[in-house]
Number of protein chains: 2
Amino acid sequence: MDHGEKEQKSYHKVVEYVNRQIRDRKMKAGDRLPAERELAEELNISRNSVREGLRALEIIGILESRQGSGNYIAMNFDGVMTGMLASMYVLKGITENQLTEYRFAIEWEAMHLAVLRVDEEKKEVIREAFRNLQDAKTEEERVRYDRAIHQTMVDASQNEFLITSYRALTDFMDGYIRSMRRRIIAGMQSKNQLEETHRLLVEGIIRGDLATGLQGIRGHFDYIEQYKDFHMEVETEINRLPEEKC
Amino acid sequence: MDHGEKEQKSYHKVVEYVNRQIRDRKMKAGDRLPAERELAEELNISRNSVREGLRALEIIGILESRQGSGNYIAMNFDGVMTGMLASMYVLKGITENQLTEYRFAIEWEAMHLAVLRVDEEKKEVIREAFRNLQDAKTEEERVRYDRAIHQTMVDASQNEFLITSYRALTDFMDGYIRSMRRRIIAGMQSKNQLEETHRLLVEGIIRGDLATGLQGIRGHFDYIEQYKDFHMEVETEINRLPEEKC
DNA sequence: AGAAATTTGTTCGTATGTATA
DNA sequence: TTATACATACGAACAAATTTC
(Lines give C-alpha, C1' and ligand atoms only; values in the text may rest on other atoms or scores of the structure.)
Protein backbone atom coordinates (compact mmCIF):
# COMPACT_ATOMS: atom_id res chain seq x y z
CA MET A 1 0.00 0.00 0.00
CA ASP A 2 1.01 3.57 -0.58
CA HIS A 3 0.65 5.61 2.57
CA GLY A 4 1.12 8.89 0.83
CA GLU A 5 4.55 9.20 2.35
CA LYS A 6 6.91 9.18 -0.55
CA GLU A 7 9.09 6.13 -0.31
CA GLN A 8 10.91 6.90 -3.51
CA LYS A 9 13.06 4.33 -5.18
CA SER A 10 16.75 4.69 -4.49
CA TYR A 11 17.84 5.71 -7.94
CA HIS A 12 15.39 8.59 -7.86
CA LYS A 13 17.54 10.19 -5.21
CA VAL A 14 20.29 10.52 -7.78
CA VAL A 15 18.01 12.07 -10.39
CA GLU A 16 16.70 14.53 -7.85
CA TYR A 17 20.17 15.31 -6.58
CA VAL A 18 21.47 16.18 -10.03
CA ASN A 19 18.37 18.13 -11.02
CA ARG A 20 18.60 20.12 -7.82
CA GLN A 21 22.25 20.92 -8.42
CA ILE A 22 21.36 22.22 -11.86
CA ARG A 23 18.25 24.12 -10.83
CA ASP A 24 20.05 25.83 -7.97
CA ARG A 25 22.86 26.76 -10.32
CA LYS A 26 25.37 24.84 -8.23
CA MET A 27 26.46 22.93 -11.32
CA LYS A 28 26.52 23.97 -14.95
CA ALA A 29 27.28 22.29 -18.25
CA GLY A 30 30.75 20.77 -18.27
CA ASP A 31 31.04 20.40 -14.51
CA ARG A 32 32.01 17.05 -13.08
CA LEU A 33 29.86 15.19 -10.61
CA PRO A 34 31.26 13.62 -7.46
CA ALA A 35 32.59 10.11 -8.05
CA GLU A 36 30.00 7.35 -7.97
CA ARG A 37 31.34 6.01 -4.68
CA GLU A 38 31.11 9.44 -3.08
CA LEU A 39 27.57 9.91 -4.33
CA ALA A 40 26.64 6.50 -3.00
CA GLU A 41 27.91 7.45 0.44
CA GLU A 42 26.37 10.92 0.43
CA LEU A 43 22.94 9.69 -0.64
CA ASN A 44 23.08 6.56 1.50
CA ILE A 45 22.48 4.16 -1.34
CA SER A 46 24.57 1.53 -3.06
CA ARG A 47 26.81 2.20 -5.98
CA ASN A 48 24.61 0.17 -8.29
CA SER A 49 21.63 2.33 -7.48
CA VAL A 50 23.72 5.40 -8.12
CA ARG A 51 24.66 3.99 -11.48
CA GLU A 52 21.05 3.29 -12.42
CA GLY A 53 20.20 6.91 -11.75
CA LEU A 54 23.23 8.20 -13.61
CA ARG A 55 22.45 5.99 -16.58
CA ALA A 56 18.94 7.41 -16.78
CA LEU A 57 20.30 10.95 -16.71
CA GLU A 58 22.78 10.06 -19.43
CA ILE A 59 20.02 8.74 -21.67
CA ILE A 60 17.99 11.92 -21.33
CA GLY A 61 21.04 13.96 -22.28
CA ILE A 62 21.76 15.73 -19.01
CA LEU A 63 24.85 13.68 -18.27
CA GLU A 64 27.84 12.36 -20.11
CA SER A 65 29.81 9.47 -18.61
CA ARG A 66 33.48 9.11 -19.45
CA GLN A 67 35.12 5.96 -18.28
CA GLY A 68 38.17 6.61 -16.17
CA SER A 69 37.32 10.27 -15.87
CA GLY A 70 33.90 10.94 -14.38
CA ASN A 71 30.34 12.01 -15.01
CA TYR A 72 29.84 15.44 -16.52
CA ILE A 73 26.85 17.73 -16.96
CA ALA A 74 25.95 17.91 -20.63
CA MET A 75 23.22 19.20 -22.93
CA ASN A 76 22.53 16.44 -25.43
CA PHE A 77 18.78 16.83 -25.73
CA ASP A 78 18.30 16.35 -29.45
CA GLY A 79 18.73 12.59 -29.46
CA VAL A 80 16.31 12.03 -26.63
CA MET A 81 13.64 14.18 -28.21
CA THR A 82 14.05 12.27 -31.43
CA GLY A 83 13.76 8.95 -29.63
CA MET A 84 10.67 10.11 -27.80
CA LEU A 85 9.02 11.22 -31.01
CA ALA A 86 9.81 7.83 -32.48
CA SER A 87 8.29 6.01 -29.52
CA MET A 88 5.22 8.23 -29.51
CA TYR A 89 4.82 7.72 -33.22
CA VAL A 90 4.62 3.97 -32.85
CA LEU A 91 3.05 3.56 -29.43
CA LYS A 92 0.40 6.22 -29.85
CA GLY A 93 -0.29 5.35 -33.46
CA ILE A 94 0.43 8.82 -34.71
CA THR A 95 -0.09 9.67 -38.35
CA GLU A 96 2.20 11.46 -40.76
CA ASN A 97 -0.46 14.10 -40.88
CA GLN A 98 0.14 14.95 -37.25
CA LEU A 99 3.86 15.17 -37.84
CA THR A 100 3.26 17.65 -40.63
CA GLU A 101 0.92 19.73 -38.51
CA TYR A 102 3.52 19.91 -35.75
CA ARG A 103 6.22 20.81 -38.22
CA PHE A 104 4.06 23.54 -39.71
CA ALA A 105 3.36 25.02 -36.28
CA ILE A 106 7.08 25.35 -35.62
CA GLU A 107 7.99 26.75 -39.03
CA TRP A 108 5.16 29.25 -39.02
CA GLU A 109 6.21 30.76 -35.72
CA ALA A 110 9.90 30.45 -36.53
CA MET A 111 9.42 32.55 -39.65
CA HIS A 112 7.82 35.32 -37.62
CA LEU A 113 10.86 35.39 -35.36
CA ALA A 114 13.48 34.74 -38.01
CA VAL A 115 12.71 37.85 -40.05
CA LEU A 116 13.31 39.90 -36.92
CA ARG A 117 16.38 38.16 -35.59
CA VAL A 118 18.33 36.74 -38.51
CA ASP A 119 21.92 37.93 -38.77
CA GLU A 120 24.21 38.26 -41.76
CA GLU A 121 25.90 34.94 -41.17
CA LYS A 122 22.63 33.01 -41.25
CA LYS A 123 21.56 34.95 -44.32
CA GLU A 124 24.66 33.80 -46.13
CA VAL A 125 24.10 30.18 -45.04
CA ILE A 126 20.56 30.19 -46.30
CA ARG A 127 21.59 31.93 -49.55
CA GLU A 128 24.15 29.26 -50.25
CA ALA A 129 21.75 26.43 -49.43
CA PHE A 130 19.32 27.93 -51.91
CA ARG A 131 21.99 28.19 -54.60
CA ASN A 132 22.91 24.58 -53.98
CA LEU A 133 19.28 23.57 -54.23
CA GLN A 134 19.05 25.27 -57.62
CA ASP A 135 22.13 23.46 -58.85
CA ALA A 136 21.12 20.14 -57.33
CA LYS A 137 21.02 17.31 -59.83
CA THR A 138 19.98 14.32 -57.77
CA GLU A 139 16.98 13.88 -55.54
CA GLU A 140 19.42 13.11 -52.76
CA GLU A 141 20.90 16.57 -53.05
CA ARG A 142 17.51 18.22 -53.22
CA VAL A 143 16.51 16.52 -49.99
CA ARG A 144 19.68 17.73 -48.29
CA TYR A 145 19.39 21.35 -49.29
CA ASP A 146 15.66 21.47 -48.76
CA ARG A 147 16.36 20.42 -45.21
CA ALA A 148 19.22 22.88 -44.79
CA ILE A 149 17.04 25.81 -45.82
CA HIS A 150 14.27 25.00 -43.43
CA GLN A 151 16.62 24.20 -40.57
CA THR A 152 18.54 27.44 -41.01
CA MET A 153 15.32 29.40 -41.02
CA VAL A 154 14.31 27.82 -37.71
CA ASP A 155 17.81 28.35 -36.28
CA ALA A 156 17.49 32.01 -37.17
CA SER A 157 14.51 32.28 -34.86
CA GLN A 158 16.97 31.97 -31.99
CA ASN A 159 14.38 30.12 -29.95
CA GLU A 160 15.98 27.05 -28.40
CA PHE A 161 12.68 25.22 -27.95
CA LEU A 162 11.68 25.67 -31.55
CA ILE A 163 15.16 24.72 -32.71
CA THR A 164 15.42 21.58 -30.61
CA SER A 165 11.88 20.46 -31.37
CA TYR A 166 12.37 21.01 -35.08
CA ARG A 167 15.69 19.23 -35.21
CA ALA A 168 14.24 16.25 -33.37
CA LEU A 169 11.28 16.18 -35.69
CA THR A 170 13.31 16.23 -38.88
CA ASP A 171 15.84 13.76 -37.53
CA PHE A 172 12.99 11.42 -36.78
CA MET A 173 11.37 11.91 -40.15
CA ASP A 174 14.62 11.28 -41.96
CA GLY A 175 15.49 8.30 -39.85
CA TYR A 176 12.24 6.51 -39.33
CA ILE A 177 10.05 7.43 -42.22
CA ARG A 178 12.66 8.43 -44.71
CA SER A 179 10.20 8.14 -47.53
CA MET A 180 8.25 11.11 -46.26
CA ARG A 181 10.47 13.99 -47.28
CA ARG A 182 11.23 12.19 -50.52
CA ARG A 183 7.57 11.90 -51.33
CA ILE A 184 7.02 15.53 -50.51
CA ILE A 185 9.81 16.69 -52.73
CA ALA A 186 8.92 14.23 -55.46
CA GLY A 187 5.36 15.50 -55.17
CA MET A 188 6.38 18.90 -56.41
CA GLN A 189 5.25 18.83 -59.99
CA SER A 190 8.48 20.28 -61.24
CA LYS A 191 11.85 21.47 -60.11
CA ASN A 192 10.71 25.00 -60.73
CA GLN A 193 7.85 24.73 -58.35
CA LEU A 194 10.16 23.57 -55.60
CA GLU A 195 12.47 26.45 -56.30
CA GLU A 196 9.71 29.03 -56.42
CA THR A 197 8.45 27.91 -53.03
CA HIS A 198 11.87 28.16 -51.48
CA ARG A 199 12.66 31.39 -53.27
CA LEU A 200 9.82 33.06 -51.39
CA LEU A 201 10.94 31.58 -48.10
CA VAL A 202 14.55 32.64 -48.58
CA GLU A 203 13.65 36.09 -49.86
CA GLY A 204 11.42 36.66 -46.90
CA ILE A 205 14.28 35.92 -44.53
CA ILE A 206 16.89 37.93 -46.37
CA ARG A 207 14.75 40.99 -46.98
CA GLY A 208 13.08 40.75 -43.62
CA ASP A 209 9.73 40.51 -45.38
CA LEU A 210 7.43 38.41 -43.23
CA ALA A 211 4.55 38.18 -45.70
CA THR A 212 6.79 36.78 -48.43
CA GLY A 213 8.39 34.32 -46.05
CA LEU A 214 5.03 33.06 -44.86
CA GLN A 215 3.92 32.69 -48.46
CA GLY A 216 6.91 30.44 -49.00
CA ILE A 217 6.10 28.26 -46.01
CA ARG A 218 2.46 28.05 -46.96
CA GLY A 219 3.39 27.11 -50.48
CA HIS A 220 5.69 24.40 -49.27
CA PHE A 221 3.11 22.83 -47.04
CA ASP A 222 0.36 23.19 -49.57
CA TYR A 223 2.02 20.42 -51.50
CA ILE A 224 1.75 17.99 -48.69
CA GLU A 225 -1.24 15.83 -49.30
CA GLN A 226 -4.43 16.28 -47.32
CA TYR A 227 -3.02 19.12 -45.31
CA LYS A 228 -3.01 21.15 -48.49
CA ASP A 229 -6.77 21.28 -48.90
CA PHE A 230 -7.26 22.10 -45.27
CA HIS A 231 -4.84 24.96 -45.08
CA MET A 232 -5.95 26.75 -48.19
CA GLU A 233 -9.43 26.83 -46.78
CA VAL A 234 -8.12 28.16 -43.49
CA GLU A 235 -6.08 30.93 -44.96
CA THR A 236 -8.95 32.36 -46.95
CA GLU A 237 -10.87 32.62 -43.72
CA ILE A 238 -8.04 34.39 -41.95
CA ASN A 239 -7.59 36.82 -44.76
CA ARG A 240 -11.26 37.66 -44.82
CA LEU A 241 -10.91 39.44 -41.50
CA PRO A 242 -9.38 42.71 -42.70
CA GLU A 243 -11.63 42.77 -45.73
CA GLU A 244 -14.53 43.47 -43.48
CA LYS A 245 -12.77 46.59 -42.34
CA CYS A 246 -12.34 47.83 -45.87
CA MET B 1 41.48 2.71 -28.50
CA ASP B 2 38.32 2.66 -30.51
CA HIS B 3 38.78 0.58 -33.63
CA GLY B 4 35.71 1.93 -35.30
CA GLU B 5 33.93 -1.27 -34.51
CA LYS B 6 31.15 -0.19 -32.25
CA GLU B 7 31.80 -1.62 -28.83
CA GLN B 8 28.66 -0.14 -27.37
CA LYS B 9 28.11 -0.04 -23.66
CA SER B 10 26.23 -3.00 -22.29
CA TYR B 11 23.08 -1.22 -21.28
CA HIS B 12 22.65 0.02 -24.83
CA LYS B 13 21.79 -3.50 -25.84
CA VAL B 14 18.74 -3.30 -23.63
CA VAL B 15 17.66 0.06 -25.01
CA GLU B 16 18.07 -1.19 -28.55
CA TYR B 17 16.30 -4.43 -27.76
CA VAL B 18 13.24 -2.67 -26.40
CA ASN B 19 13.16 -0.02 -29.13
CA ARG B 20 13.36 -2.74 -31.77
CA GLN B 21 10.51 -4.66 -30.16
CA ILE B 22 8.38 -1.53 -30.27
CA ARG B 23 9.37 -0.41 -33.74
CA ASP B 24 8.72 -3.85 -35.21
CA ARG B 25 5.36 -3.94 -33.46
CA LYS B 26 6.33 -7.04 -31.52
CA MET B 27 5.37 -5.29 -28.30
CA LYS B 28 2.79 -2.63 -27.61
CA ALA B 29 1.76 -0.49 -24.65
CA GLY B 30 0.87 -2.62 -21.66
CA ASP B 31 2.90 -5.63 -22.68
CA ARG B 32 5.33 -7.15 -20.22
CA LEU B 33 9.00 -7.56 -20.94
CA PRO B 34 10.87 -10.79 -20.23
CA ALA B 35 12.16 -10.98 -16.66
CA GLU B 36 15.41 -9.19 -15.99
CA ARG B 37 17.28 -12.44 -15.53
CA GLU B 38 15.99 -13.78 -18.82
CA LEU B 39 16.97 -10.57 -20.60
CA ALA B 40 20.42 -10.77 -19.06
CA GLU B 41 20.89 -14.26 -20.41
CA GLU B 42 19.47 -13.47 -23.83
CA LEU B 43 21.60 -10.37 -24.31
CA ASN B 44 24.68 -11.89 -22.69
CA ILE B 45 25.07 -9.17 -20.09
CA SER B 46 24.71 -9.07 -16.33
CA ARG B 47 21.48 -8.30 -14.59
CA ASN B 48 22.95 -5.06 -13.28
CA SER B 49 23.57 -3.87 -16.82
CA VAL B 50 20.08 -4.89 -17.82
CA ARG B 51 18.73 -2.83 -14.97
CA GLU B 52 20.71 0.24 -15.99
CA GLY B 53 19.14 0.06 -19.42
CA LEU B 54 15.67 -0.53 -18.05
CA ARG B 55 16.04 2.36 -15.66
CA ALA B 56 16.92 4.68 -18.53
CA LEU B 57 13.88 3.54 -20.47
CA GLU B 58 11.71 4.05 -17.43
CA ILE B 59 12.94 7.60 -16.98
CA ILE B 60 12.12 8.49 -20.57
CA GLY B 61 8.63 7.12 -20.11
CA ILE B 62 8.75 4.06 -22.34
CA LEU B 63 8.78 1.62 -19.46
CA GLU B 64 7.08 1.15 -16.15
CA SER B 65 8.66 -1.09 -13.51
CA ARG B 66 6.51 -2.80 -10.91
CA GLN B 67 8.26 -4.57 -8.10
CA GLY B 68 7.28 -8.18 -7.86
CA SER B 69 5.48 -8.03 -11.16
CA GLY B 70 7.64 -7.00 -14.09
CA ASN B 71 8.59 -4.29 -16.56
CA TYR B 72 5.82 -3.04 -18.83
CA ILE B 73 5.71 -0.95 -21.97
CA ALA B 74 4.19 2.41 -21.11
CA MET B 75 3.62 5.87 -22.59
CA ASN B 76 4.52 8.33 -19.86
CA PHE B 77 6.13 10.99 -21.99
CA ASP B 78 4.78 14.10 -20.34
CA GLY B 79 7.01 14.02 -17.30
CA VAL B 80 10.15 13.52 -19.31
CA MET B 81 9.33 16.35 -21.66
CA THR B 82 8.70 18.59 -18.69
CA GLY B 83 12.01 17.62 -17.15
CA MET B 84 13.85 18.24 -20.37
CA LEU B 85 12.28 21.66 -20.76
CA ALA B 86 13.34 22.43 -17.22
CA SER B 87 16.91 21.34 -17.88
CA MET B 88 17.07 23.27 -21.14
CA TYR B 89 15.66 26.30 -19.44
CA VAL B 90 18.45 26.37 -16.89
CA LEU B 91 21.37 24.90 -18.80
CA LYS B 92 20.78 26.81 -22.02
CA GLY B 93 19.79 30.00 -20.26
CA ILE B 94 16.44 30.27 -21.97
CA THR B 95 14.22 33.28 -21.39
CA GLU B 96 10.55 33.44 -20.51
CA ASN B 97 10.12 35.13 -23.84
CA GLN B 98 11.14 31.97 -25.65
CA LEU B 99 8.73 29.93 -23.58
CA THR B 100 5.92 32.23 -24.59
CA GLU B 101 6.87 32.09 -28.25
CA TYR B 102 6.84 28.32 -28.15
CA ARG B 103 3.53 28.27 -26.37
CA PHE B 104 2.05 30.64 -28.90
CA ALA B 105 3.23 28.49 -31.79
CA ILE B 106 1.42 25.49 -30.34
CA GLU B 107 -1.79 27.32 -29.48
CA TRP B 108 -1.98 29.04 -32.84
CA GLU B 109 -1.79 25.80 -34.77
CA ALA B 110 -3.95 23.95 -32.26
CA MET B 111 -6.75 26.46 -32.77
CA HIS B 112 -6.69 25.84 -36.50
CA LEU B 113 -7.14 22.12 -35.90
CA ALA B 114 -9.47 22.38 -32.93
CA VAL B 115 -12.22 24.21 -34.80
CA LEU B 116 -12.27 21.35 -37.29
CA ARG B 117 -11.99 18.41 -34.91
CA VAL B 118 -13.60 19.38 -31.63
CA ASP B 119 -16.41 17.07 -30.52
CA GLU B 120 -19.41 17.75 -28.30
CA GLU B 121 -17.74 16.38 -25.18
CA LYS B 122 -14.80 18.74 -25.46
CA LYS B 123 -17.15 21.61 -26.18
CA GLU B 124 -18.96 20.95 -22.93
CA VAL B 125 -15.67 20.74 -21.01
CA ILE B 126 -14.50 24.06 -22.36
CA ARG B 127 -17.91 25.65 -21.76
CA GLU B 128 -17.84 24.62 -18.13
CA ALA B 129 -14.26 25.80 -17.65
CA PHE B 130 -15.30 29.18 -19.02
CA ARG B 131 -18.30 29.36 -16.68
CA ASN B 132 -16.03 28.50 -13.77
CA LEU B 133 -13.61 31.20 -14.84
CA GLN B 134 -16.42 33.76 -14.80
CA ASP B 135 -17.46 32.71 -11.33
CA ALA B 136 -13.91 32.47 -10.03
CA LYS B 137 -13.27 34.58 -6.98
CA THR B 138 -9.65 33.94 -6.16
CA GLU B 139 -6.59 34.32 -8.34
CA GLU B 140 -5.89 30.68 -7.61
CA GLU B 141 -9.13 29.69 -9.29
CA ARG B 142 -8.56 31.97 -12.22
CA VAL B 143 -5.19 30.37 -12.82
CA ARG B 144 -6.75 26.92 -12.76
CA TYR B 145 -9.57 27.61 -15.20
CA ASP B 146 -7.42 29.71 -17.46
CA ARG B 147 -5.20 26.70 -17.78
CA ALA B 148 -8.13 24.30 -18.29
CA ILE B 149 -9.50 26.34 -21.18
CA HIS B 150 -6.23 26.48 -23.03
CA GLN B 151 -5.42 22.84 -22.38
CA THR B 152 -8.82 21.67 -23.59
CA MET B 153 -8.45 23.70 -26.75
CA VAL B 154 -5.12 22.03 -27.48
CA ASP B 155 -6.55 18.62 -26.61
CA ALA B 156 -9.31 19.24 -29.13
CA SER B 157 -6.70 19.51 -31.88
CA GLN B 158 -6.26 15.77 -31.53
CA ASN B 159 -2.59 16.11 -32.37
CA GLU B 160 -0.57 14.09 -29.88
CA PHE B 161 2.62 16.08 -30.46
CA LEU B 162 0.94 19.39 -29.83
CA ILE B 163 -0.84 17.97 -26.81
CA THR B 164 2.23 16.43 -25.21
CA SER B 165 4.42 19.44 -25.93
CA TYR B 166 1.83 21.82 -24.56
CA ARG B 167 1.20 19.83 -21.42
CA ALA B 168 4.93 19.61 -20.74
CA LEU B 169 5.30 23.32 -21.30
CA THR B 170 2.51 24.33 -18.95
CA ASP B 171 3.57 21.80 -16.33
CA PHE B 172 7.01 23.30 -16.42
CA MET B 173 5.75 26.85 -16.27
CA ASP B 174 3.52 26.07 -13.31
CA GLY B 175 6.21 24.12 -11.51
CA TYR B 176 9.36 26.05 -12.16
CA ILE B 177 8.30 29.58 -12.78
CA ARG B 178 4.97 29.58 -11.08
CA SER B 179 4.99 33.33 -10.97
CA MET B 180 4.68 33.52 -14.73
CA ARG B 181 1.06 32.58 -15.26
CA ARG B 182 0.16 34.62 -12.19
CA ARG B 183 1.84 37.66 -13.59
CA ILE B 184 0.11 37.21 -16.91
CA ILE B 185 -3.28 36.91 -15.36
CA ALA B 186 -2.63 39.67 -12.88
CA GLY B 187 -1.47 41.74 -15.83
CA MET B 188 -4.95 41.76 -17.27
CA GLN B 189 -6.17 45.18 -16.32
CA SER B 190 -9.51 43.87 -15.19
CA LYS B 191 -11.46 40.68 -14.75
CA ASN B 192 -13.55 41.69 -17.72
CA GLN B 193 -10.59 41.85 -20.01
CA LEU B 194 -9.59 38.34 -19.04
CA GLU B 195 -13.09 37.11 -19.70
CA GLU B 196 -13.42 38.88 -23.02
CA THR B 197 -10.22 37.28 -24.27
CA HIS B 198 -11.36 33.83 -23.28
CA ARG B 199 -14.88 34.42 -24.54
CA LEU B 200 -13.52 34.82 -28.05
CA LEU B 201 -11.37 31.74 -27.72
CA VAL B 202 -14.22 29.61 -26.40
CA GLU B 203 -16.73 30.95 -28.90
CA GLY B 204 -14.39 30.19 -31.74
CA ILE B 205 -14.12 26.59 -30.66
CA ILE B 206 -17.82 26.07 -29.99
CA ARG B 207 -19.07 27.76 -33.13
CA GLY B 208 -16.26 26.40 -35.24
CA ASP B 209 -15.26 29.96 -36.10
CA LEU B 210 -11.53 30.06 -36.66
CA ALA B 211 -11.19 33.81 -36.99
CA THR B 212 -12.85 34.42 -33.64
CA GLY B 213 -10.78 31.74 -31.96
CA LEU B 214 -7.56 33.20 -33.30
CA GLN B 215 -8.63 36.63 -32.11
CA GLY B 216 -8.96 35.15 -28.64
CA ILE B 217 -5.51 33.64 -28.70
CA ARG B 218 -3.99 36.79 -30.08
CA GLY B 219 -5.72 38.82 -27.42
CA HIS B 220 -4.45 36.57 -24.70
CA PHE B 221 -0.88 36.74 -25.83
CA ASP B 222 -1.03 40.43 -26.51
CA TYR B 223 -1.05 40.96 -22.79
CA ILE B 224 2.19 39.20 -22.29
CA GLU B 225 4.87 41.80 -21.98
CA GLN B 226 7.33 42.40 -24.79
CA TYR B 227 5.74 39.77 -26.98
CA LYS B 228 2.72 42.03 -27.13
CA ASP B 229 4.40 44.86 -29.00
CA PHE B 230 6.04 42.46 -31.39
CA HIS B 231 2.95 40.54 -32.29
CA MET B 232 0.72 43.50 -32.90
CA GLU B 233 3.24 44.77 -35.38
CA VAL B 234 3.34 41.38 -37.05
CA GLU B 235 -0.36 41.00 -37.38
CA THR B 236 -0.80 44.32 -39.13
CA GLU B 237 1.66 43.14 -41.69
CA ILE B 238 -0.19 39.89 -42.23
CA ASN B 239 -3.50 41.62 -42.48
CA ARG B 240 -2.16 44.10 -44.95
CA LEU B 241 -1.92 41.36 -47.56
CA PRO B 242 -5.59 41.14 -48.52
CA GLU B 243 -6.03 44.87 -48.29
CA GLU B 244 -3.91 45.20 -51.35
CA LYS B 245 -6.47 43.16 -53.16
CA CYS B 246 -9.28 45.45 -52.13
C1' DA C 1 -6.84 -17.81 3.24
C1' DG C 2 -2.32 -19.12 3.00
C1' DA C 3 1.94 -20.93 1.25
C1' DA C 4 5.12 -21.19 -2.53
C1' DA C 5 7.07 -19.36 -6.62
C1' DT C 6 8.25 -15.42 -9.36
C1' DT C 7 9.99 -10.90 -10.03
C1' DT C 8 11.80 -6.47 -9.06
C1' DG C 9 14.57 -3.58 -5.51
C1' DT C 10 18.89 -3.17 -3.30
C1' DT C 11 23.33 -4.21 -1.59
C1' DC C 12 28.19 -5.98 -1.38
C1' DG C 13 32.37 -7.79 -3.24
C1' DT C 14 35.43 -8.28 -7.00
C1' DA C 15 37.72 -7.76 -11.35
C1' DT C 16 38.89 -5.01 -15.41
C1' DG C 17 39.45 -1.21 -18.78
C1' DT C 18 40.44 3.73 -19.18
C1' DA C 19 42.02 8.40 -18.22
C1' DT C 20 45.16 11.42 -15.84
C1' DA C 21 48.98 13.26 -13.25
C1' DT D 1 56.31 4.29 -17.04
C1' DT D 2 53.88 4.01 -12.80
C1' DA D 3 50.43 4.90 -9.62
C1' DT D 4 45.93 6.53 -8.64
C1' DA D 5 41.25 7.58 -9.48
C1' DC D 6 37.36 6.39 -11.92
C1' DA D 7 33.82 4.12 -14.69
C1' DT D 8 32.40 -0.48 -16.53
C1' DA D 9 30.83 -4.93 -15.67
C1' DC D 10 29.76 -9.31 -13.44
C1' DG D 11 27.90 -12.57 -9.89
C1' DA D 12 25.80 -13.67 -5.66
C1' DA D 13 22.79 -12.78 -2.09
C1' DC D 14 18.83 -11.12 0.41
C1' DA D 15 14.63 -8.02 0.91
C1' DA D 16 10.15 -6.69 -0.64
C1' DA D 17 6.20 -6.85 -3.58
C1' DT D 18 3.30 -9.47 -6.53
C1' DT D 19 1.42 -13.45 -8.65
C1' DT D 20 0.13 -18.13 -8.67
C1' DC D 21 -1.44 -22.33 -6.87
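Here is how names work: the chains are called A, B, and so on, in the same order as the sequence lines, proteins then strands, and each is numbered from 1.
- Atom CZ of B:Arg66 and atom P of D:dT19 are 8 Å apart (whole Å).
- Between the side chain of A:Gln67 and the base of C:dG17, a donor-acceptor pair under 3.5 Å is found.
- One atom, NZ of B:Lys9, and another, P of C:dT16, lie 21 Å apart when rounded to the nearest Å.
- One atom, CD of B:Glu36, and another, C1' of D:dA16, lie 14 Å apart when rounded to the nearest Å.
- Of the charged side-chain nitrogens involved, at least one lies within less than 4.0 Å of a carboxylate oxygen, so that B:Arg147 and B:Asp174 count as a salt-bridged pair.
- For A:Asn71, no side-chain nitrogen or oxygen approaches OP1 or OP2 of D:dC6 to under 4.0 Å.
- The CD atom of B:Glu64 sits 15 Å away from the C1' atom of D:dT18 (whole-angstrom rounding).
- Interatomic distance, A:Phe130 CZ to A:Asp135 CG, rounded to the nearest 0.5 Å: 10.0 Å.
- Taking CG from B:Asp119 and CD from B:Glu124, the interatomic distance works out to 11.5 Å, rounded to the nearest 0.5 Å.
- Proximity of residues 45-58 of chain B to DNA chain D (heavy atom under 4.0 angstrom from any strand atom) is restricted to B:Ile45, B:Ser46, B:Arg47, B:Asn48, B:Ser49.
- At least one side-chain nitrogen or oxygen of B:Arg32 sits closer than 4.0 Å to the OP1 or OP2 atom of C:dT7.
- In this structure, A:Ile149 CD1 and A:His198 NE2 are separated by 5.0 Å, a value rounded to the nearest 0.5 Å.
- The interatomic distance linking A:Arg37 (CZ) with D:dT4 (P) rounds to 15 Å, in whole Å.
- Between B:Ser65 and the choices B:Arg51, B:Arg55, B:Glu36, the side-chain hydrogen bond (donor to acceptor under 3.5 Å, both in side chains) rule is met once, by B:Arg55.
- Remark: C1' of C:dC12 and CD of A:Glu41 are 15 Å apart, rounded to the nearest angstrom.
- OP1 or OP2 of D:dA9 lies within a sub-4.0 Å distance of a side-chain N or O belonging to B:Ser10.
- Looking at B:Lys13 and B:Glu16, no side-chain N of the basic residue comes within less than 4.0 Å of a carboxylate O on the acidic one, giving no salt bridge.
- If you measure from atom NZ of A:Lys13 to atom C1' of C:dT11, you get 13 Å, rounded to the nearest angstrom.
- Here A:Tyr145 contributes atom OH and A:Glu128 contributes atom CD; the two are 8.0 Å apart, rounded to the nearest 0.5 Å.
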